[in-house]
Protein chains: 2
Amino acid sequence: MNFFEETGKVAIGSRLRMLTDKVTEDAAQIYKLYNIDMQPKWFPVFYALAQEKEKTITELAKAIGHSHPSVSKIISEMLKKGYVKESKDKTDGRRNVVSLSKKGVEISEKIKDQLIDVNAAIEEISAQSQNKLWEAIGEWEFLLEQKTLLRRVMEKKKERDSLKIEIIDYQPKYQEIFRSLNVEWISQYFTMEETDYKALDNPQGYILDKGGFILVARYEGEPLGVCALVKMNDGEYDFELAKMAVSPKAQGKNVGFLLANAIIDKARSLGASKIYLESNTILKPAINLYHKLGFQKVAGKPTPYTRCNIQMELVIG
Amino acid sequence: MNFFEETGKVAIGSRLRMLTDKVTEDAAQIYKLYNIDMQPKWFPVFYALAQEKEKTITELAKAIGHSHPSVSKIISEMLKKGYVKESKDKTDGRRNVVSLSKKGVEISEKIKDQLIDVNAAIEEISAQSQNKLWEAIGEWEFLLEQKTLLRRVMEKKKERDSLKIEIIDYQPKYQEIFRSLNVEWISQYFTMEETDYKALDNPQGYILDKGGFILVARYEGEPLGVCALVKMNDGEYDFELAKMAVSPKAQGKNVGFLLANAIIDKARSLGASKIYLESNTILKPAINLYHKLGFQKVAGKPTPYTRCNIQMELVIG
DNA sequence: ATTAATTACGTAATCAGTTACGCAAATATA
DNA sequence: TATATTTGCGTAACTGATTACGTAATTAAT
C-alpha cells in the first residue's frame, strides 16, 4: 500500500489547515498581552469598521469574506461589549448600519501597538524564509480564481482517461456491440427505423462493403463506443458520419470526442473533402461535440430518417 | 483611522484560512467525480491506515494532527460504512486497533486514480506560480516550531517598549516616587526596616552625598522605575546595587533590565570593579534578572536587613 | 500489595463557522 | 396599483473541529 507515499501533495489542504491553526492559536493570548478585551474572531469586523467607519451587516460580510449570519452574530457580541453601535438606515429600513462606538474607537487606539508588533513578528518570519508565503498565497488565490481545483482535476482525469482509450478498426466480433450501443440510445430518445436495422444488422454489407468504415473505442480493453463513416453516392459529400454511440458507462471520459476525431482523420486520409451528418437537436451533447469539431449547420438535403431535424457538414482542411 | 491600512500582514491568518477553504471546498465533489463514497474529513485517517495497515486511535490522531476524539468519531462513521474494522489489543486492553476492511482496501484501490489526478492538478498550479507555496509552508512550520508567533510578538513588544523607556539621573522631584515604589514592594513581601527609612526618606544625604547614584526609568514621560548605587566603605566592593523598584504598571516592559544595565554602566564608568547586592529568594523574577546580568551568589557578608537571604556580586569586566 | 500517576479513548459540551429558511422592506413588472 | 421578485438580515439547525471530563487499563512508586 506504499503507493500513497508518493502522492504527497494532495495533503496541501491539511498542511494549510495546520499552518492556519498554528498562526491563529496564539491570537487570544496576544490580545491579553496588550490588555485588550477582544476575541480574535471579532478582529476582521473591527478592522473593517476602523477603516470605513460605517458599514451594514452585508457589506461587512463581503469585506471580510464571511457569511452574513456570522457577522450578525459577531456584531451582537461586540454590541454587548459596547464596542459598536447599530442604527437603521433612514432610506432603507432593512439595513442595519454598524459603526464603532466611542469605546470601540478607544480600543482601536490601544490596538495600534499590537498591530505594529504582530506585523513586525510576521515580517521577521518572512525575512527568515527563502520562499515567500504571502506572495505564494496571492498566486494560488489568483490561479484558483481563474480555474477551480475541481475543474483542474476534471481536466487531469480527462487527460488520463484519454490515454486509456484506444480507437481500433471494426472487426466482425464487434457487430453485437455496434448494434446494441446504437439501439440503446436510439430507442431511448426515438424509435428504431427501417434504415437503422439495415445498417445495424449488417454493417459488413451495408457500410463496409460499400466503401465505408467503422471505428471502435475501447476503454481498458472493453469496447464502449462506436462510430461509422458511410460512403455517400452524392456529388457533394464523400462520407456521412453516422451511428455514433457511446456507452453511458463511458460518459465523461471524452470517448465521443476521440472517436469522432479519429473518424475525421480516417476520412481525411482517404482524401475526403466534405463530411455530412444528420442529428436531432434534442441530443445537445452530441450537437455541441459536432460544433466543437467544426461542423456547420446546413439544410435542404433529403433524409430517410424521421428523427433528423438538423443537418451538418464539415469541410476538411 | 487609515492607520490600519498600513498593517496589512496581520491578515495572513485570514488569508490562510480563506485559501484553505478554497482548496478544500471542492473535495466532496471530487470524490463524487470518481464515484467514491467518502467524506473528505475521512481522508487523512484513510490515508494513514492505507500506509500503515494497523493503528490505534491515538496513533492515528498523532499521525494526522487531530485530537483523538475527532479520530474516534471519524472511525465510528467509517465503521458504519464498513470501511474499517476494530479490534482490541491483546496485550493492552485499552487500545482500539483499527485497520482497513476488505471494502476499505477496495476503496483504496479506487482512490488511486483520483490521487494521481489531484496531485497532477496541484503540481500544475505549483508550476504556474513563481512562489512555492509548499516549500513556504514548510519553512513557516519550521520557524513557528522554533519560536511561536506569541513569543515573537512578545519580543517585538519588548523591543518597542525599550525604545520608549528612558533612563535618567535622579532629581529631587523624584524623591517621592523613589520612596513610594520601594515602600510598595518591600511592604508587600516583607516589612519596612529602619535602614529602609533612612535611605528612602533622605536619598540625598544617605546615598548621593556619600558618592552613590540613583537612576530613574521613565515610560512615556512617567517615572515607573528606580534603582540606586550605594557607595560602600569596604575593601572588596565599590558599590551596592540597592533599592531597585519597578511599578507593577510597567511589568513586562523590560524596565528592570534596562535600569540595572544602566546602573552597571554607571558603575563601570566610575571605575568600579565589583558590585554587591542583597536580595531574597522569594523574589524570583529579580533573582533571575540578576543572574541574567551576570551576578553570582556569594556568602558571608554581614547585613543590616533581616529580609536578606541571598547575596550576590558582579565582577565588572 | 497498595496506592498513585499515566495512558487510551469514548461521551458531552462548546466553538466558530456554515447553510437553510422566513420575514419584512424595497424594487421591478404587469 | 397590485403583484412578483429581490434584498437585508435575523434565527435555527447543522458541521467539523475542539476542550473538558470520566472510566478503565496499565505502569510506577512506596
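Everything numeric here is computed off the predicted structure, so don't read it as measured data. The chains referred to below are lettered A, B, ... by the order of the sequence lines, with proteins before strands, and numbering in each begins at 1.
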Along DNA chain C (nearest heavy atom to each residue), the more 5'-positioned of B:T58 and A:D89: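 On the 5' side of the pair lies B:T58.
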Assign each of B:K73 and B:I57 to its nearest nucleotide of DNA chain C by heavy atoms, then name whichever residue's nucleotide is nearer the 5' end.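 Checking each residue's closest nucleotide, the 5'-ward one belongs to B:I57.
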First and last nucleotide of DNA chain D touching chain A, 5' to 3', heavy-atom cut-off 4.0 Å?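 Endpoints of the contacted stretch of DNA chain D: D:dT7 to D:dT11.
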Send over the distance from [X] [atom1] to [N] [atom2], rounded to a whole Å.
X: B:D21; N: C:dT18; atom1: CG; atom2: P; result: 8 Å
X: A:Q39; N: C:dG17; atom1: CD; atom2: C1'; result: 13 Å
X: A:K41; N: C:dA16; atom1: NZ; atom2: P; result: 4 Å
X: A:W42; N: C:dC15; atom1: CH2; atom2: P; result: 13 Å
X: A:R17; N: C:dG17; atom1: CZ; atom2: P; result: 15 Å
X: A:D92; N: C:dT27; atom1: CG; atom2: C1'; result: 10 Å
X: B:M18; N: C:dT18; atom1: CE; atom2: C1'; result: 14 Å

Report the relative orientation of the aromatic rings in B:W185 and B:F190; use parallel for angles under 30°, tilted for 30 to 60°, perpendicular for over 60°.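 Geometry flag for B:F190 against B:W185: perpendicular rings.
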Spacing of [X] atom [atom1] and [Y] atom [atom2] [to the nearest 0.5 Å]:
X: A:L133; Y: B:E139; atom1: CG; atom2: CD; value: 9.5 Å
X: B:M18; Y: B:R15; atom1: CE; atom2: CZ; value: 9.5 Å
X: B:L149; Y: A:E124; atom1: CG; atom2: CD; value: 10.0 Å

Hey, does the Lys NZ or Arg CZ of B:K110 hover above the aromatic six-ring of B:Y34, less than 6.0 Å from the centre and inside 45° of the axis?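 So B:K110 doesn't make the cation-pi contact.
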How would you label the contact of [X] with the nucleic acid (heavy atoms, under 4.0 Å): base, sugar-phosphate, or nothing?
X: A:S70; value: base
X: B:S67; value: base
X: A:T91; value: sugar-phosphate
X: A:T56; value: sugar-phosphate

Which sits closer to the 5' end of DNA chain D, B:G65 or B:R94, going by the nucleotide each is nearest to?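 Whichever sits nearer the 5' end wins; that is B:G65.
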Grab the two heavy atoms, one from A:S279 and one from A:I287, that are nearest each other, plus how far apart they are.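 Shortest heavy-atom contact: OG-CD1, 3.7 Å.
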Does the side chain to side chain donor-acceptor pair (under 3.5 Å) test come out yes or no for B:N131 and B:S129, once each step is laid out? CA-CA 6 Å; B:N131 297 286; B:S129 33; over 6 Å; no
